[in-house]
Amino acid sequence: INAEVLASDQRYAAIAATEFNSVTAENAMKWESVEPAQGEYDWGQADELVEFAMKNDQAVRGHTQVWHSQMPTWLTAGIKDGDFSRAEVRAIMKNHVVQVTKHFKGKIRQWDVVNEAFNDSGTERHSLWREYLGKDYIANVFRWAHEADPEAKLFYNDFGIEGINPKSDAVYDLLKKLRAGEVPVEGVGLQAHLGTQHPFPDGYEENLKRFADLGLEISLTEVDVRIELPLTSAKVATQTSHYKAILKGCLAVPACNYITLWGFDDRNSWMPGWFDGEGSATPFDAKY
Ligand code: G3I
């Protein structure tokens, strides 16, 4: 859900309220949004979404505490300028996870605690989080989040891990290790940002099953299927078959119990702004 559009477009709000039983903040719960200045919190848009969801009897997916992108510039620039000691950065990072999780305590069904911590090759992504919190940062942030909100189901979320590949293997190995170490991670989020120019991910159902075998819940967290414009009936047919395959695989694996679109309409989708000449990725067109 795009907070600005939700607040200004009645048609959008009506669809969001009636067509879905769960909502996720596209940007409103990210660090740059909730703490625009150090120690100064702005929960406004995020709280509005939580209230909207409660009014419409919807669940809320929290997105996202630990991510290399959309961190506040007071922190990233401050680190670059040497304004903070190593210990201060560590404390700031832990405080972020604790404060955000505490603020929404009891209101979040599933949290994307850690987002996109691996490269496509399966190696660990370098980030300020990894650099300052050290090699066990993922286990620690899950523990901090669980302590702050024991009710929320805590997820690891990533893109490009829908099928069997070096990246999903690395995520699988990490989650297996965390679960063996009693780290409170209960789910894996597969973003499923797909495109009709690419084949459907290889080994999708088998991949869902192996995550399920770890005792994890599985959510498809950011589904969209972009098309290289202009549309043709063949491209739309491929998009249809990709959406169907996403659903079919998820329905075949009981632990896969949650599907979220990343934007439900083509006018407000993030897609065209990020992939030049591509779009039409969502179920509702630009006129809803
Ligand atoms: O809020 C500022 C606004 O003040 C400013 O005027 C405007 C123009 O510079 O930028 C606005 O910030 C934008 C923000 O979205 C809110 O609209 C950022 O520039 C823009 O980069 C940001 O894009 C978001 C993107 O994450 C950032 O990586 C997209 O909306 C959002 O859909 C996208 O979502 C991510 C998920 O969180 C993680 N998975 C991938 C997914 C797609 O990239």
Side-chain angles (χ1 to χ4, degrees), residues 1-9 12 16 20 22-37 40-46 48-49 60-77 96-97 100 104 108 110-120 125-129 138 141 154-162 167-168 171 187-195 198 201 218-227 246 258-284 286:
I1 299 294
N2 176 315
E4 289 80 15
V5 181
L6 183 70
S8 60
D9 181 331
Y12 179 91
F20 304 94
S22 175
V23 292
T24 308
E26 182 175 21
N27 290 295
M29 291 191 185
K30 292 171 179 174
W31 199 347
E32 69 175 4
S33 303
V34 296
E35 194 181 0
E40 286 169 37
Y41 291 96
D42 176 1
W43 304 110
Q45 288 186 334
E48 275 161 24
L49 182 63
V60 181
R61 290 200 85 258
H63 179 83
T64 177
Q65 283 110 332
V66 176
W67 189 30
H68 63 279
S69 180
Q70 292 181 273
M71 296 174 81
T73 44
W74 59 261
L75 177 63
T76 51
H96 171 61
V97 173
V100 172
F104 297 105
I108 302 291
Q110 304 181 342
W111 257 116
D112 291 336
V113 175
V114 177
N115 190 42
E116 304 175 10
F118 285 96
N119 299 308
D120 291 349
R125 179 193 294 271
H126 170 75
S127 72
L128 292 173
W129 293 94
I138 294 180
V141 296
L154 306 182
F155 276 61
Y156 174 84
N157 190 54
D158 214 331
F159 63 90
I161 60 169
E162 296 77 26
K167 188 174 190 180
S168 63
V171 172
V188 60
L190 314 181
Q191 292 181 11
H193 289 297
L194 305 182
H198 305 298
I218 301 158
S219 287
L220 280 303
T221 54
E222 305 182 14
V223 180
D224 45 31
V225 182
R226 62 186 185 273
I227 296 180
I246 286 170
Y258 221 113
I259 296 190
T260 297
L261 303 169
W262 201 250
F264 57 75
D265 75 287
D266 295 342
R267 177 195 315 203
N268 300 297
S269 165
W270 69 292
M271 190 62 72
W274 288 75
F275 295 92
D276 216 8
E278 298 186 51
S280 195
T282 69
F284 288 82

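As the structure lists them, so they are numbered: ligands from 1, and atoms in each ligand from 1. When reading the values below, keep in mind they use all heavy atoms of this one structure, side chains included, and skip hydrogens, waters and symmetry mates. The first residue of the sequence shown is numbered 1, and numbering continues consecutively from there.
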Tell me, please, which residues at least two apart from Ser269 pass side chain to side chain donor-acceptor pair (under 3.5 Å).
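Scan of Ser269 (side chain to side chain donor-acceptor pair (under 3.5 Å), adjacent residues dropped) gives none.
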At what distance, to the nearest 0.5 angstrom, does [atom1] of [X] lie from [atom2] of [Y]?
| X | Y | atom1 | atom2 | answer |
| --- | --- | --- | --- | --- |
| Lys167 | Arg125 | NZ | CZ | 6.0 Å |
| Gln110 | Thr221 | CD | OG1 | 9.5 Å |
| Asn27 | Ser33 | CG | OG | 5.5 Å |

Output the set of protein residues with a heavy-atom contact under 4.0 Å to ligand 1, ordered first by chain identifier and then by residue number.
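Contacting ligand 1 under 4.0 Å are Glu26, Asn27, Lys30, His63, Trp67, Ser69, Gln70, Asn115, Glu116, Gln191, His193, Glu222, Trp262, Trp270, Trp274.
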Taking only residues two or more places apart in sequence, or in another chain, which ones meet Asp224 in a salt bridge (charged side-chain N to carboxylate O under 4.0 Å, His left out)?
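Expected list: none.
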Partners passing ring pair (Phe, Tyr, Trp, His ring centres under 6.0 Å) against Phe118 (at least two apart in sequence or in another chain):
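Listed in chain order: nothing, the list is empty.
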